[in-house]
Amino acid sequence: MNESPDYMNRNCLNCNCRAEMFNLLNQEELELVYRHKTTVMFRKGETIKKQGTAMTHVISVNSGLVKVYIEGIDRRNTILRIVKPTNFIGGPGIYLDQVHHFSVSALQDTRVCLIEMQVFKSLLDRNKKFSEEFMVDFSRNTLAIYQRLINQTQKEVPGRMADTILYLLENIYNSSKFELHLTKQDLADISGMSKDSCVKILREFQREGIILQDRHELEITDLEKLKRISRLG
DNA sequence: GCATTAACCACAG
DNA sequence: CTGTGGTTAATGC
């Protein structure tokens, strides 16, 4: 093995797996990123960042899939978002207290770039367009969390699960049939319900012909009905 | 009260 | 990890 993988040699300038906001940096700025980042491979299940630790880096997801989640009371987790390539993971710690307020772990083998936070901040400081795009990304994520807060507090279990399936369909997999990288516990942690309720409601959806579960594959067979359940709560 | 919902628990595959 | 059934506590007629 004399050859290092392609991504090790590539500088950030030509990289096609960087998060979109980095497109707004010029050559000099991208070289700065290149000098202050490391590219790391994580195996499925590994923890990429741990809630409560010092926030030394921000993350750009190159390949794979990760979950961003809060470790709550009594081993209960709440998944904030699923992040696919090529997206960015920052967080309130950047400007607040330099601490990770959530954990990040790999749902499948995943490659990420870890960019030194001080360098990232200096880029936000010197490049207005870049900083604006960062704000847009941050705001979008915030809005999505607001939406989910409403869904979870004002809908019952079927509506919550319908929302979760629609979220995966529209934001992550973009296909009515996909290999699910999440466990039932993960689905419960996104939907704000117990694992038991999650299993039961998915069975119920299957009985009603809304979805088809086959091992780790999930197919949505009646999208209209799913949307109706989401609407009615 | 009574019915429904969903979490909790124990346990089997 | 996934699925099932019984129990229980909260909520809404």
Side-chain angles (χ1 to χ4, degrees), chain A residues 41-52 61 63-85 89 100-112 144-233:
Chain A
M41 191 78 202
F42 287 92
R43 296 285 166 219
K44 177 178 179 174
E46 283 187 317
T47 299
I48 297 168
K49 285 290 168 187
K50 175 78 178 175
Q51 178 176 328
V61 179
S63 70
L65 199 67
V66 308
K67 62 174 172 179
V68 174
Y69 60 103
I70 305 264
E71 301 187 40
I73 302 161
D74 197 28
R75 290 175 179 271
R76 306 289 305 167
N77 292 338
T78 297
I79 294 180
L80 296 180
R81 50 191 284 242
I82 306 292
V83 184
K84 66 174 180 179
I89 304 173
H100 286 291
H101 291 271
F102 40 67
S103 292
V104 181
S105 77
L107 291 169
Q108 58 184 83
D109 291 355
T110 293
R111 200 177 73 228
V112 301
I145 304 278
Y146 288 174
Q147 187 59 54
R148 215 121 61 71
L149 182 63
I150 297 303
N151 288 344
Q152 290 188 13
T153 50
Q154 302 185 359
K155 291 181 185 179
E156 302 192 331
V157 162
R160 304 217 287 276
M161 183 51 73
D163 284 339
T164 294
I165 296 172
L166 289 171
Y167 166 74
L168 293 174
L169 169 68
E170 290 162 4
N171 297 296
I172 308 297
Y173 295 109
N174 303 113
S175 161
S176 63
K177 185 177 185 181
F178 48 81
E179 193 199 332
L180 196 54
H181 302 94
L182 310 178
T183 64
K184 295 290 155 71
Q185 183 65 63
D186 285 331
L187 288 176
D189 291 345
I190 305 182
S191 313
M193 65 181 69
S194 68
K195 180 218 74 180
D196 306 36
S197 298
C198 172
V199 168
K200 282 165 186 165
I201 198 63
L202 285 174
R203 284 240 139 270
E204 183 65 25
F205 280 2
Q206 176 140 311
R207 263 198 296 280
E208 290 176 21
I210 301 169
I211 60 167
L212 211 67
Q213 302 177 83
D214 179 36
R215 293 178 185 278
H216 280 254
E217 285 210 330
L218 183 70
E219 182 175 4
I220 293 144
T221 46
D222 193 339
L223 184 58
E224 285 317 307
K225 207 164 176 179
L226 194 64
K227 285 184 173 169
R228 197 159 60 241
I229 292 170
S230 164
R231 221 171 24 247
L232 299 178

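So you know, we letter chains A, B, ... as the sequences are listed, proteins then strands, and number each from 1. Remember, it's a predicted structure, so these values are computed and weren't measured experimentally.
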Does any N or O in the side chain of [X] come within less than 3.5 Å of the main-chain N or O of [Y], such that one atom is a donor and the other an acceptor?
X: A:Thr221; Y: A:Gly209; result: yes
X: A:Thr110; Y: A:Leu65; result: yes
X: A:Ser103; Y: A:Gln51; result: yes
X: A:Arg148; Y: A:Ile190; result: yes
X: A:Tyr167; Y: A:Ile82; result: yes

Check the distance between [N]'s [atom2] and [X]'s [atom1] and give it to me in whole angstrom.
X: A:Leu182; N: C:dT2; atom1: CG; atom2: P; value: 10 Å
X: A:Glu204; N: C:dT2; atom1: CD; atom2: P; value: 20 Å
X: A:Leu202; N: C:dT2; atom1: CG; atom2: P; value: 11 Å
X: A:Glu156; N: C:dT11; atom1: CD; atom2: C1'; value: 10 Å
X: A:Gln154; N: B:dT5; atom1: CD; atom2: C1'; value: 18 Å
X: A:Asn77; N: C:dC1; atom1: CG; atom2: P; value: 12 Å

(Q) Tell me whether the side-chain N/O atoms of A:Ser194 come closer than 4.0 Å to OP1 or OP2 in B:dA7. (A) yes
Q. Hey, is CZ on A:Arg207 packed in by over 12 heavy atoms from elsewhere, all under 6.0 Å?
A. yes
What are the atom names and distances for every N/O pair under 3.5 Å that joins the protein to nucleotides 3-10 of chain C?
unit_1, atom_1, unit_2, atom_2, d
C:dG3, OP2, A:Lys184, NZ, 2.6
C:dG3, N7, A:Lys195, NZ, 3.4
C:dG3, O6, A:Lys195, NZ, 3.2
C:dT4, OP2, A:Arg203, NE, 3.2

Q: Indicate, with a heavy-atom threshold strictly under 4.0 Å, whether A:Arg160 touches base, sugar-phosphate, or nothing.
A: sugar-phosphate
